[in-house]
Amino acid sequence: MISHTSTSAIKAPRIICPDREELGVANILEGSVQKSQDQVRVNVQLINAATDAHLWADSFDRKLIDIFAVESEIAAR
């Protein structure tokens, strides 16, 4: 599900997703991944689905040795 604030600056067509009630979610985790050689940067933000308020955001810069460790670190937050 894509928060409408994440697409507001993009002029591409918006992907239509089910609403939060249909999915049964309170929050949405959205983000991006950038890769350069053996480095990876993961930017994530947690958004309240009902109010579109940003609850949390962080960036993770790591060596691309074990991407699943980065995933686990994000999930632990």
So which heavy atom on Val25 is nearest to which on Ala49, and how close?
O-CB, 4.0 Å
Do [X] and [Y] have side chains that approach each other closer than 4.5 Å (heavy atoms only, starting at C-beta)?
| X | Y | answer |
| --- | --- | --- |
| Arg62 | Glu73 | yes |
| Trp56 | Gln45 | no |
| Val44 | Val42 | yes |
| Leu64 | Lys35 | yes |

Set out, in order, the CA-CA distance, both residues' side-chain angles and the distance that settles side chain to side chain contact (heavy atoms under 4.5 Å, CB included) for Arg77 and Phe60, then state yes or no.
CA-CA 12 Å; Arg77 300 233 175 161; Phe60 299 84; 4.1 Å; yes
Are Ile65 and Ile74 connected, step by step, through hydrophobic side chains (Ile, Leu, Val, Met, Phe, Trp, Tyr) whose heavy atoms are closer than 4.5 Å?
no
[atom1] of [X] to [atom2] of [Y]: how many Å apart, nearest 0.5 Å?
| X | Y | atom1 | atom2 | result |
| --- | --- | --- | --- | --- |
| Ser72 | Ile67 | OG | CD1 | 10.5 Å |
| Asn48 | Leu55 | CG | CG | 5.5 Å |
| Asn43 | Asp58 | CG | CG | 9.0 Å |

Working note: Glu30 + Ile47, criterion side chain to side chain contact (heavy atoms under 4.5 Å, CB included); need CA distance, chi angles, decisive distance, verdict.
CA-CA 8 Å; Glu30 63 181 25; Ile47 298 173; 3.2 Å; yes
